[in-house]
Amino acid sequence: MESIVINIEGEVVDADKDDVLKRLKKVNALALKSAEGHIFDISGDVGGTGELTAVTIDSPEGLAICRHSTSHIMAHAVKDLYPSAKVTIGPSTEDGFYYDFDIDTPFTPDDLSAIEKAMQKIIKRNNPFVRKTMSKADAIELFKAMDEDYKVEIIEAIEADEVSLYEEGGFVDLCRGPHVPSTASVRAFKLLKTAGAYWRGDEKNKMLQRIYGTAFATSEDLKRHIELLEEIKRRDHRRLGRELDLFSMSDDIGAGLILWHPNGAMIRKTIEDFWREEHIKAGYKLLYTPHIARIDLWKKSGHVDFYKDNMYTPMDIDGADYEIKPMNCPFHIAVYKSALRSYRELPIKYAELGTVYRYERSGVLHGLLRVRGFTQDDAHIFCRIDQIESEILDVLDFTLYVLRTFGFEKYDVYLSTRPEKYVGTLDNWEIATEALRKALEKKGLKYETDPGEGVFYGPKIDIKVKDSLNRQWQCSTIQVDFNLPERFDVAYRASDDKDHLPIMIHRALMGSLERFFGILIEHYAGAFPLWLSPVQVSVLTISERQAEFAKETAGVLMKAGLRVETDLGDEKIGYKIRQSSIKKIPYAILIGDKEMESQSLTVRKRNGENISFADINSLLDFLREEIESRRYGHK
RNA sequence: GCCGGGAUAGCACAGUGGUAGUGCAGCUGAUUCGUAAUCAGCAGGUCGAGGGUUCAAAUCCCUUUCCCGGCUCCA
């Protein structure tokens, strides 16, 4: 026998000892992991030699194995209930699993609970997962006999001569494994939703029926996950958008087009003001450009060739075709080219909150996050290739400052390098990619390299922020472009009195204002920091006696530039506070006889906390400080 | 685009062939009250749009618009 040792909770045990299996069972081991990182079934033929470590459900690998096994159990249950269903694939995912079936009638929510019940029975039976191997030819025979066409297709595509199967309680599935020792190893699972999904994700293929589910180590973990899903629902920007009267969409206007209501518009205006001020400080020049342009412009830019699917049909104006803009870049180039540029002027940095329209397939539209008309916080930096690194450094600083201002402290950075299809010289790609890399390193930013994931026209840096629920969102992108300057004959006059080609850097910090707004709503759960809140202060009276004083107080605050709302009605104070809270107004000023007599102010924060101010000026100082710091002080 | 679900009062929803309902919001009146909902009354709907079946359609059928969940984390 080969000498295999197994590491159970730090203790190294010989594999040929009788009690190893018992001990693995005792620590609830689901699988074994070799020193090289290969994971095997406990009962399977592990092969190889060396030290193996017990994998439990507490590790990410263990949880993934459990979820994958749960998907098999689900497939088993589905086959029991709907024998005509054909099984396809059922992997584990980041927070659960799914399995795709080819079945004539799609699943309903009622089906899900029936399947869940059947799964529970299978789990109770404690069927062992048994691994078998057989030749490809035999496996094809087997699955052909079972009428499982998809499995046959999968096996035919496998290169190895031998494939593995897993059997559990009579249900056999082609699977690479590994699996948990037995169905009873699955402790807590739930089926979540059904959906259509194309076979192999290709819309040319047949539409299958997918069931999503999830599994966790304990029912407490599962409960926590379901609570998280509920929290995500509560924060949904579409729901909060209606409740807080921020924006809407209308059937009459069309899909993917956003109406910004006064509250949302006020937030947007505040973001835009901040954005413009900071861009001016950072040396950008602001532009405004048209919404349509002759189609020839888009032919020249290459958008008609590369981007046609996302562009709208041109409109005829006096016999010429005009196109609604999907991008701002050609306009910025036109501004650059409106004069002869000297190398002394570079870098030239143009910024615009440019509204663009892009065709998105109807099925992918989603609230503010995926729309057809949106405003980019776009900028283009024209520079010499030797200026790339320092420009990227500036842009990185700028981006992180802006993201931090909105409370995004955590982010992941990605550097994407040259893809197979590209334009520009290899030399330039090399120089630009290295400049991006150096800038990232100088900033001390940890980043991942995505080889070949760059755009055809140049390498790029993407920054994905993490929101308060730790969800990842891509907003910022910084892209080097060798293509457009050449296509448009962009030039600068260098010291040698000759024309040279500048490099263009495209960058967006927030991406799209619509999308960024949607992310912000969810990030803040609708409770915007004071500087962004559409209404910053509400003034509430205890009785009608204080109406005059309340109006005066509100007037002083409004004159000081604060956004103030009054509630002088005859409702009780509890009702008014509730109204103010529902609107998520950061501060409510409560005015009763006490305050009127002493001229002092009682302020109730959104979180229920009270603060007293001796007079209105001390309150103003307090509010001004919080606004100017753009702090996210309280929820 | 495709699969599935949906659209009924401002909002959340009930109503499966026979007189369109509930709660909240709104309006009116009473009440003048100290930290998340005072009470009563009133009003509000081409049942998303268009067509069809029927004596009769929110309800059944067709078309269409829009919204929602998804559509390779690859045995």
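Quick note: numbers below take in every heavy atom, side chains included, and nothing from hydrogens, waters or symmetry partners.
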Review point. Given the P atoms of B:rG23 and B:rC73, what is the spacing between them in whole Å?
Key: 48 Å

Check side chain to side chain contact (heavy atoms under 4.5 Å, CB included) between [X] and all other residues, then give those that pass, not counting sequence neighbours.
| X | value |
| --- | --- |
| A:Ile573 | A:Leu540, A:Ile542, A:Ile577, A:Leu590 |
| A:Tyr307 | A:His303, A:Asn310, A:Met311, A:Pro326, A:Met327, A:Arg358 |
| A:Asn610 | A:Arg604 |

Applying a 4.0 Å non-hydrogen cut-off, can you work out what [X] is touching in the nucleic acid: base, sugar-phosphate, or nothing?
| X | answer |
| --- | --- |
| A:Gly592 | base |
| A:Glu595 | base |
| A:Asp593 | base |
| A:Gln209 | sugar-phosphate |

In whole angstrom, what separates [X]'s [atom1] from [N]'s [atom2]?
| X | N | atom1 | atom2 | result |
| --- | --- | --- | --- | --- |
| A:Lys572 | B:rC33 | NZ | P | 11 Å |
| A:Ile582 | B:rA36 | CD1 | P | 12 Å |
| A:Ile573 | B:rC33 | CD1 | P | 12 Å |
| A:Glu597 | B:rG34 | CD | P | 15 Å |
| A:Lys583 | B:rA25 | NZ | C1' | 12 Å |

Review point. Mind checking whether A:Phe101 and A:Tyr99 have ring centres under 6.0 Å apart?
Key: yes

Review point. Is the gap between the ring centers of A:Trp473 and A:Phe516 under 6.0 Å?
Key: no

Review item, side-chain donor-acceptor pairs of residues 248-255 of chain A, under 3.5 Å, at least two apart:
residue  : atom : partner  : partner atom : Å
A:Ser248 : OG   : A:His261 : NE2          : 2.7
A:Ser250 : OG   : A:Asp252 : N            : 3.0

Practice item. Tell me whether the guanidinium CZ or amine NZ of A:Arg210 lies under 6.0 angstrom from the six-membered ring centre of A:Tyr98 and within 45° of its axis. Key: yes

Review point. Side-chain N or O of A:Arg604 less than 4.0 angstrom from OP1 or OP2 on B:rA36?
Key: yes

**Study point:** Short side-chain N/O contact from A:Arg242 to OP1 or OP2 of B:rA12, under 4.0 Å
**Key:** yes

Check your understanding: Reading nucleotides 66-75 of chain B 5' to 3', which nucleotides get B (base under 4.0 Å from a protein heavy atom), which S (sugar-phosphate only), which -?
Key -> SSSBBBBBBB

Review point. Quick one, which residues of residues 534-552 of chain A touch RNA chain B with a heavy atom under 4.0 Å?
Key: A:Ile542, A:Ser543, A:Glu544, A:Arg545

Practice item. Report the C-alpha separation of A:Lys576 and A:Thr541 in whole Å, then their side-chain angles, then the decisive distance to 0.1 Å, and conclude whether the side chain to side chain donor-acceptor pair (under 3.5 Å) test is met. Key: CA-CA 8 Å; A:Lys576 295 181 184 180; A:Thr541 50; 2.9 Å; yes

Exercise for review: Can you establish whether the number of heavy atoms outside A:Lys190 located under 6.0 Å from its atom NZ is more than 12?
Suggested key: no

Exercise for review: Once you apply the 3.5 Å cut-off to both distances, tell me the Watson-Crick or G-U wobble partner of B:rG34, or none.
Suggested key: none

**Study point:** Who pairs with B:rG29 - Watson-Crick or G-U, where each distance is under 3.5 Å
**Key:** B:rC39

Review point. With respect to the side chain of A:Ile577, which nucleotide from B:rU38, B:rA36, B:rG34 is positioned closest?
Key: B:rA36

